[in-house]
Amino acid sequence: MKYSIDSVSRLTGIPQSSLRNWEKRHLLIAPIRLENGFREYSEEDVTLLKRIGSLLKEGHTIGELSSTLQQGRALPAVRPILE
């Protein structure tokens with residue numbers, strides 16, 4: 001399935017402006033650009049962005065996560081929520 005930036009923002013809770021910034025500045029994601037200029041995100045993009053969102057809530061920085069991915073390393077595990 002393919003997703004628009006609006007759909008991805010709603011699914012992940014990440015503002016559209018952050019998604020655009022992370023694409024341009026941090027090179028975290030590279031959605032397909034359609035002929036009309038719109039972005040098209042994959043299931044894998046959405047899964048990655050949800051994980052990044054969880055890691056940010058745990059206190060990681062976007063710079064740290066970007067650096068980790070750009071170096072070919074795995075992202076840290078997301079801590080389970082204890083009830």
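Contact detail for Arg51 and Leu75: the closest heavy-atom pair is NH2-O, 2.9 Å. Summarising the geometry of Leu56 relative to Thr61, their closest heavy-atom pair is CD2-C, 3.8 Å, with the distance given to 0.1 Å. Nearest heavy-atom pair across Glu43 and Met1 is OE2-CB, 3.5 Å.
Under the salt bridge (Lys or Arg N to Asp or Glu O under 4.0 Å) criterion, Arg33 pairs with Glu23, sequence neighbours left out. Under the side chain to side chain contact (heavy atoms under 4.5 Å, CB included) criterion, Ser42 pairs with Lys2, Glu44, Asp45, sequence neighbours left out. Looking at residues two or more places apart in sequence or on another chain, you find a side chain to side chain contact (heavy atoms under 4.5 Å, CB included) between Ser18 and Ile14, Pro15, Trp22. Judged as a side chain to side chain contact (heavy atoms under 4.5 Å, CB included), and not counting sequence neighbours, the contacts of Glu58 are Leu55, His60, Val78, Arg79. Partners of Thr47 under the side chain to side chain contact (heavy atoms under 4.5 Å, CB included) rule, at least two apart in sequence or in another chain, do not exist in this structure. When the side-chain hydrogen bond (donor to acceptor under 3.5 Å, both in side chains) test is applied to Asn21, no partner is found at least two apart in sequence or on another chain.
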side-chain contact (heavy atoms from CB on, under 4.5 Å) assessment of Ile32 paired with Arg39: CA-CA 6 Å; Ile32 295 170; Arg39 292 165 174 85; over 6 Å; no
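Note that the CG atom of Leu49 and the CD1 atom of Ile29 stand 4.5 Å from one another [nearest 0.5 Å]. To the nearest 0.5 Å, atoms CG (Leu65) and CZ (Arg73) are separated by 10.5 Å.
Glu40 places no side-chain N or O within 3.5 Å of a backbone atom of Ile5 that could act as its donor or acceptor partner. Panel note: side chain Thr68, backbone Glu64; a donor-acceptor pair is recorded below 3.5 Å. Not a single donor-acceptor pair under 3.5 Å links the side chain of Ser66 to the backbone N or O of Ile62.
Residues Leu48 and Leu11 fall within the same hydrophobic cluster, defined by Ile, Leu, Val, Met, Phe, Trp and Tyr side chains chained together at heavy-atom separations under 4.5 Å.
Annotation for Arg20: atom CZ counts as buried by contact number, over 12 foreign heavy atoms lying within 6.0 Å.
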